[in-house]
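Only one structure is covered here, and it is reproduced in the block below.
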2 protein chains.
Amino acid sequence: MPVNLNDPRVSRTRLLIMQAFTELVEEQKNVYSISVQDITARATINRATFYAHFEDKYAFLDCWISRKFQILLKEALPKGRITGTGSLRTVVQTVFDVLARFRQYMTHPGNSRFEPMFEIAMQKELYSLLLEWLNEEATVSPDKVETTALVASWGIFGAAVQWSRDPRNLTSETMVHRVLEVAAAALAPVLGE
Amino acid sequence: MPVNLNDPRVSRTRLLIMQAFTELVEEQKNVYSISVQDITARATINRATFYAHFEDKYAFLDCWISRKFQILLKEALPKGRITGTGSLRTVVQTVFDVLARFRQYMTHPGNSRFEPMFEIAMQKELYSLLLEWLNEEATVSPDKVETTALVASWGIFGAAVQWSRDPRNLTSETMVHRVLEVAAAALAPVLGE
DNA sequence: GCTGGAATGTTGCCTACGCGACAATTGGAC
DNA sequence: GTCCAATTGTCGCGTAGGCAACATTCCAGC
């Protein structure tokens with residue numbers, strides 16, 4: 001449990017772990033079969049050090065997927081956050097894309113137990129992203145803002161999960177379009193529209 | 001002064017320093033203007049740690065150029081070392097190539113003071129490479145072998161330096177060919193030919 | 001020449017990492 | 001079911017790296 005997260009060694013170790021796992025995932029596509037030993041060997045750090053940074057494998061996966069989602073969003077969004085209904089579309093599209101992407105990792109037997117983790121991490125991230133945006137634009141009470149962000153994040157996210165599990169011949173574009181309309185309506189009151 | 005060179009932290013730190021310097025050299029081509037501060041910042045290690053690994057900047061440069069030369073040779077030679085008069089040609093060619101390459105870094109004012117270091121490091125490396133090979137093939141006394149390796153390494157190397165300073169319209173191929181003939185003659189007695 | 005700022009080295013204290021050994025849990029094969 | 005091997009997670013001790021502060025050397029500009 002490193003104390004100072006600004007210590008260069010700490011940042012470097014975390015970065016090495018993240019990169020190592022990303023490489024391994026891209027190589028073998030099978031999250032389940034990647035052991036802590038594999039990760040730390042690739043990262044050239046000690047296995048004990050891994051546990052000094054993360055409660056356990058699940059806590060790490062949670063952290064990893066969050067960061068990965070954040071990075072993908074940061075790449076997709078101009079300023080790294082939502083700035084208007086226009087960029088909201090980008091976010092929703094990213095959620096759909098990421099879920100479609102991770103779906104393939106989950107097809108291996110044994111991987112399905114990780115699924116909820118990935119999903120929960122994404123929903124949380126989506127929630128804070130929406131909340132940050134709404135708080136800037138808000139014309140109503142904080143409670144109302146938080147609830148709106150919560151409902152919207154779950155709504156968008158849940159729809160994406162549902163679709164990723166069973167696309168029913170619908171393209172992600174179609175779904176994004178439909179979901180966006182509903183989400184916009186839910187957000188409208190808070191945005192003073 | 002790290003004690004155990006097999007400690008993963010030590011290997012990693014050295015690797016980071018080497019890579020950082022290689023990157024900086026490729027970016028700004030000017031060895032002279034690269035400070036220890038620059039190297040350690042790029043390598044994400046502390047400046048004090050640098051001095052724990054290397055006596056000073058010169059010792060580091062010496063080490064770096066040796067490694068670089070070794071790596072280039074390892075890439076050029078099939079088994080990473082000399083296996084016969086055929087591969088001797090490869091080595092000589094590499095010496096000429098490397099010197100021609102580093103020549104451009106030395107044109108900047110102030111860099112010329114580093115020149116002898118680069119050259120000495122290369123000669124030493126060439127010497128041990130030749131010695132290793134001759135010791136396997138040797139049919140004469142160890143003294144004779146060492147002297148032959150010494151003279152040959154300086155001969156090959158010196159010719160390359162001379163040429164790199166003033167090519168006199170001669171291609172490296174021409175020079176390699178000529179030098180190789182002389183070197184082969186010098187080595188012949190030890191090789192029992 | 002002199003002077004000031006930057007780069008080079010040095011030192012002591014604290015923290016993070018490596019390691020080996022250990023117990024606990026998992027999951028597959030029989 | 002039982003076993004066995006691999007993986008997970010923990011702990012204590014030794015070592016390497018980070019940091020701040022310092023003295024020294026080196027040039028550039030006056």
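First the proteins, then the strands, lettered A, B, ... as listed; each starts at 1.
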Identify whether any heavy atom of [X] sits under 4.0 Å from a base atom; if not, whether one sits that close to sugar-phosphate; answer base, sugar-phosphate or nothing.
X: A/Ala48; answer: base
X: A/Ser11; answer: nothing
X: B/Thr40; answer: nothing
X: A/Arg12; answer: sugar-phosphate

Flag yes if more than 12 heavy atoms outside B/Glu55 fall under 6.0 Å of its CD atom; otherwise flag no.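 No, not enclosed.
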In whole angstrom, what separates [X]'s [atom1] from [N]'s [atom2]?
X: B/Phe54; N: C/dT8; atom1: CZ; atom2: P; answer: 15 Å
X: B/Leu61; N: C/dT8; atom1: CG; atom2: P; answer: 11 Å
X: A/Glu55; N: D/dG9; atom1: CD; atom2: C1'; answer: 10 Å
X: A/Ile45; N: C/dC19; atom1: CD1; atom2: C1'; answer: 13 Å
X: A/Asn4; N: C/dC17; atom1: CG; atom2: C1'; answer: 15 Å
X: B/Ile17; N: D/dG17; atom1: CD1; atom2: C1'; answer: 11 Å
X: B/Phe50; N: C/dA7; atom1: CZ; atom2: P; answer: 14 Å
X: A/Asp56; N: C/dT25; atom1: CG; atom2: C1'; answer: 13 Å

By nearest atom, which of the nucleotides [options] is closest to the [X] side chain?
X: A/Tyr51; options: D/dG9, D/dG18, D/dC11; result: D/dG9
X: A/Asp7; options: C/dT15, D/dT8, C/dG18; result: C/dT15
X: B/His53; options: D/dC19, C/dC19, D/dG17; result: D/dG17
X: B/Lys57; options: D/dG17, C/dG9, C/dC17; result: C/dG9
X: A/Val10; options: C/dA16, D/dT8, D/dG18; result: C/dA16
X: B/Ser35; options: C/dG18, C/dA7, D/dG18; result: C/dA7

Restricting to non-hydrogen atoms, name the atom on B/Ala48 and the atom on B/Asn46 that form the minimum distance, rounded to 0.1 Å.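 Of all heavy-atom pairs spanning B/Ala48 and B/Asn46, the closest is N-OD1, 2.9 Å.
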So, does B/Thr49 get its side chain near the phosphate of D/dA16, meaning an N or O under 4.0 Å from OP1 or OP2? no
Got a donor-acceptor pair under 3.5 Å from the side chain of A/Arg47 to the base of D/dG9? yes
Return yes if the base of D/dG18 and the side-chain atoms of A/Arg9 contain a donor-acceptor N/O pair under 3.5 Å, otherwise no.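 Checked by distance alone, the answer is no.
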Once you measure the plane-to-plane angle for A/Trp163 and A/Phe96, does it fall in the parallel (<30°), tilted (30-60°) or perpendicular (>60°) bin?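 Correct class here is tilted.
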Taking the six-membered ring for Trp, are A/Trp154 and A/Phe157 parallel (under 30°), tilted (30 to 60°) or perpendicular (over 60°)?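 Perpendicular, since the angle between the ring planes exceeds 60°.
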Given that B/Asn46 and A/Gln37 both sit by DNA chain D, which one's nearest nucleotide is further toward the 5' end? A/Gln37
Can you work out whether B/Val3 or A/Val36 has the more 5'-proximal nearest nucleotide on DNA chain D? A/Val36
Is the side chain of A/Asp38 donor-acceptor paired with the backbone N or O of A/Ser35 at a distance under 3.5 Å, no angle test?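 Such a contact is found between A/Asp38 side chain and A/Ser35 backbone.
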Going through the checks in order, is the side chain to side chain donor-acceptor pair (under 3.5 Å) test met by B/Thr171 and B/Thr174? CA-CA 5 Å; B/Thr171 66; B/Thr174 308; 2.7 Å; yes
